[in-house]
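Let me begin by presenting the structure, written as structure tokens, before commenting on it.
In what follows, chains are A, B, ... by sequence order, proteins preceding strands, each numbered from 1. Since we're looking at a predicted model, the values are computed, not measured.
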There are 2 protein chains.
Amino acid sequence: MTNATDPRKLEAVSSLCKRRGFIFPSSELYGGINGFWDYGPLGSELKRNIREAWWNFTVRSREDVVGLDATIIMNPKIWQASGHADTFADPMVDCKDCKKRYRADQLCEEQGKKLGRDGKRFVLPEGVVCADCGSKNLTEPKAFNLMFKTFVGASEDASSETWLRPETAQAIFAQFGNVTGSTRVQVPFGIAQSGKSFRNEITPRNYTFRSREFEQMELEFFIRPDEAVELICGKVATLADNPDLSTPADDWGWEVWHKYWVQQRRIWYHEKVGLPPESLVEYWQEGDELAHYARACVDIQYAFPFGVQELEGIAARSDFDLAQHQKHSGKTQDVFDEALKQAVLKMDDAAKAAFMDKTVAAWVARGKVADDAKAFVEKLFEGRYIPHVIEPSAGTDRLALALLCNAYEEQNLTDDKGKTDIRTVLHFHPAIAPIKAAVFPIVKNKPELYDKAREIFKGLQKHWNVFWDESGAIGRRYRRMDEVGTPFCITVDFETLEQGTVTVRDRDTMKQDRIAVGDLRAFLESKIAP
Amino acid sequence: MTNATDPRKLEAVSSLCKRRGFIFPSSELYGGINGFWDYGPLGSELKRNIREAWWNFTVRSREDVVGLDATIIMNPKIWQASGHADTFADPMVDCKDCKKRYRADQLCEEQGKKLGRDGKRFVLPEGVVCADCGSKNLTEPKAFNLMFKTFVGASEDASSETWLRPETAQAIFAQFGNVTGSTRVQVPFGIAQSGKSFRNEITPRNYTFRSREFEQMELEFFIRPDEAVELICGKVATLADNPDLSTPADDWGWEVWHKYWVQQRRIWYHEKVGLPPESLVEYWQEGDELAHYARACVDIQYAFPFGVQELEGIAARSDFDLAQHQKHSGKTQDVFDEALKQAVLKMDDAAKAAFMDKTVAAWVARGKVADDAKAFVEKLFEGRYIPHVIEPSAGTDRLALALLCNAYEEQNLTDDKGKTDIRTVLHFHPAIAPIKAAVFPIVKNKPELYDKAREIFKGLQKHWNVFWDESGAIGRRYRRMDEVGTPFCITVDFETLEQGTVTVRDRDTMKQDRIAVGDLRAFLESKIAP
């Protein structure tokens, strides 16, 4: 049952998720609420593990990234500066006959057509019909802002109106000055944040994939503008120089930093959460797909049962965001760079003039204004600039769904006697498995053995989420754990009392090994956090 | 500088929080937004540690509690069932002269008076004046619902209106059936959730204490009704029986369970996050302070610089919440209890009749309806009931602030030469300290020593958030770490190369010990997670 070829896959996964407590429809007791999903006992552990794996890799294991935990409700001026207030909208179209509502671009695409534009107006191509009733009687598509509105304070008017954040990224830009002012970070460095975001999607769909409330894991990694790199290093490394992407170097330009983060994120998906490299597709946006300020954007995609869809976008956003906030707040977002200042001090006037001329010409050739280029270079000569940014932005819920789909397998087994059986198993990476190990006493009625099993269980419980199960045949206990992706089942038997060893049964191979009780912690640690 | 006696304390703490990256005003770049706070690089680690300590104690280290991670936006019927839509309001009063707005109850209290009530109307006592301009010209207080409103879907009308959750607890009740249906939990058991909640406070104040967006850590622990305990055990233990609170027993009634959770939470505050027992005050609500459905409620309070205020409420809420959801959803919230069924099977008709009579009489004596009592007992005889609940509900941000206030100290030091100096130190428990240890090479220019220090640093970084500092005198490096509460500073010196030991300097005692490099992990582990 592969994602791409079996339409039953998503149904099988979502059914397991409901049955075993991974994911429930939000508010199901009252008929639910479209586009909202809750994570149950196992799902909440799965999501905690994903968050933790991301934070460890992105923040704790690096010296050049710090964390942030900002509010969901912020001053509305942030969304005016970022452009969300004006332009964060999808085209919406209604069927005048059956009253069904669609995202106009999706409706067109499903009918092999493409939504047109005439300036700010959307134009439905000829022949598009309501997907439900077939009527051609559709409204003109209109832009619908996806931000959820609310009111802060006791009056409900424009002065108190604000929005729930549609992304976690903007708070990072808005707090850029406070972070640089309170820590020792120096460009290149990053600020990371994970948390809930909200988008009032017109048509939430594909199970948890396109939800109205979702979690993001976003990093803004600030780098020097290429011109600063050139002044400091005398050159700017590009991908054509074939740089060693495992070790950041001073001479990297934005292109190399961008590729570095694409590679880092792929390493994470593979080594830390267990998505096979071949399951991921890199989609490099081209020409008119790119936002006007973006220099490059890669989508890391996964082949879901409902199609190949984005897990993460990694964009090179130039200095667009900080420059917008500088403009709207009137407060400088410059940083001072000592290495740049020192490099400039070594230049004579002729070198400076040449650099100025070259830079202005290059900017003008890219369609920019000469005066802006001059002001930028003059700042550079003072050792100052607005950092550029690389933004790896991942969806936690999308990843949770990809991990579930990737892990899910129904195996047809035949036992010694020729009896066939289906084993449902989630092949989670141990680091993200909700339960790391289960402990079973082989029998319940031998106190010495039972107590030994409890002792082992309590010892492991100090370090991980482990599960105790004493009921039913061992084979059935294994199957219950297979279905929720528990990588190891530890059985305490009579040999444990004699030899001090237990059997550890591997979920994927179903093989059993005997391991000394004293080695259990190190064994699990080596599997969970290799 | 103690909390209670020095008004400068809160200012000193908030100034440190801003300076060192614990807490910033949200959206400060645009003038902020009243009642919202962001956590910076160190604050986000502090909050992560608090959450993690709570989750480990409440969920992972227990076999009778499971987790949940539900949405912030839910079906509005949940808030109608819970009563929040109608009654979750504070009395608001405006000064007609200076336009200043107040919470009427707080304004009265500050002037030594008490807000009156006349049915649903609030009545201002004689003589209350505007705290700002002194005017007596105040509006009549009116109820203001504290839930933030928003609209789901593309239309903005009553049919699409809902609210941001004002507490995480209700999702636990709404998902009760899905959790019991997908796991093996049996009463007594709990469901825990931590996450953001939102209250549109009329007057946010006291730094982060009363914010409009805040984080909660809530447990709903479901227990048998006392009548079921009596049928199963033949008696119901109360506090008068002086039960051993360390080990739950089958015969515990609600009163003992409630006291058990008060004790568990006090243990957590002391042992896991380091609030001294004497810093906590237990406030037992009395008579008319209790909500009508609550049997008991204890506030665990802390002496903040602005007064003794609640950190956590622990309420015995009977079956109120699940019964409300049963009534509003039309779906049973009963559980089946095999032990109860077995106990009832052993009763003869006379015993059943006697139990029925006794229970009905007791309910009627408590002001309840006889028919309700009968229906309840008949359900019990089938082995079924709606569980009662004990709710320990804690505020994450309040706790973070209490931990900061508790940890903060300015020490007057005098060195050997009589020179005096002030040392600012945060005495955090190692488990919640944002940075667990710092590693210093004693000099920068000896490659062998420097590399050894890097190796030690990278080794510890696999397990904890550790900090590298190679700049400035060791004494200054210590002070920088003292100020952010790092419990241990590890210095790599020439002896390290010869003897394989490092100095570990204790933040609180400022004493240094030599420890073998190979023992560092175990040493830190014993301090961080004892």
Side chain, backbone, both or neither: which part of [X] has an atom under 4.5 Å from a heavy atom of chain A?
| X | answer |
| --- | --- |
| B:Ser329 | both |
| B:Lys18 | both |
| B:Phe457 | side chain |
| B:Phe214 | neither |
| B:Arg62 | backbone |
| B:Glu201 | neither |

Under 4.5 Å from a heavy atom of chain B, the part of [X] involved:
| X | result |
| --- | --- |
| A:Trp37 | backbone |
| A:Phe144 | side chain |
| A:Gln333 | side chain |
| A:Lys331 | side chain |

Sequence-distant partners of B:Ser61, side-chain contact (heavy atoms from CB on, under 4.5 Å), two or more places apart: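 None.
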
Interface residue of largest heavy-atom contact number with chain A, from B:Ser211, B:Pro41, B:Gly181, under 4.5 Å: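 Highest number of pairs under 4.5 Å: B:Pro41.
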
Residue, of B:Lys47, B:His328, B:Gln193, B:Met92, that accumulates the most heavy atom pairs under 4.5 Å with chain A: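 Ranked by heavy-atom pairs under 4.5 Å with chain A, first place is B:His328.
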
Does a salt bridge link [X] with [Y], judged by any charged N lying under 4.0 Å from a carboxylate O?
| X | Y | answer |
| --- | --- | --- |
| A:Glu52 | B:Arg48 | yes |
| A:Glu483 | A:Arg19 | yes |
| B:Arg51 | B:Glu215 | yes |
| B:Arg521 | A:Glu525 | yes |

By ring-ring contact (aromatic ring centres under 6.0 Å, His included) - contacts of A:Trp55 (at least two apart):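 Checked A:Trp55 against ring-ring contact (aromatic ring centres under 6.0 Å, His included); zero matches.
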
Output the option from [options] having the highest count of non-hydrogen pairs under 4.5 Å with chain B.
| options | answer |
| --- | --- |
| A:Val66, A:Ile33, A:Thr71 | A:Thr71 |
| A:Ala171, A:Ala81, A:Gly330, A:Gly67 | A:Gly67 |
| A:Val179, A:Thr162, A:Val65 | A:Val179 |
| A:Met74, A:Gln461, A:Glu213, A:Lys77 | A:Glu213 |
| A:Ile73, A:Leu68, A:Asn200, A:Ile78 | A:Ile73 |
| A:Val59, A:Leu164, A:Asn145, A:Ile72 | A:Ile72 |

Has the side chain of [X] got a donor or acceptor atom that lies under 3.5 Å from a matching backbone atom of [Y]?
| X | Y | answer |
| --- | --- | --- |
| A:Asn465 | A:Pro434 | yes |
| A:Arg212 | A:Phe198 | no |
| B:Arg60 | A:Trp464 | no |
| B:Arg199 | B:Pro166 | yes |
| B:Asp469 | B:Ser471 | yes |

When you compare the side chains of [X] and [Y], does any donor N or O come within less than 3.5 Å of an acceptor on the partner?
| X | Y | answer |
| --- | --- | --- |
| A:Tyr102 | A:Asp94 | no |
| B:Gln175 | B:Asn178 | yes |
| A:His325 | A:Gln170 | yes |

Residues that B:Arg454 engages under salt bridge (charged side-chain N to carboxylate O under 4.0 Å, His left out), provided they are two or more places apart: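 With neighbours one apart ignored, the set is A:Glu63.
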
Neighbourhood of chain A inside residues 20-30 of chain B, taking heavy atoms under 4.5 Å as contact: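 Result: B:Arg20, B:Gly21, B:Phe24, B:Pro25, B:Ser26, B:Ser27, B:Glu28, B:Leu29, B:Tyr30.
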
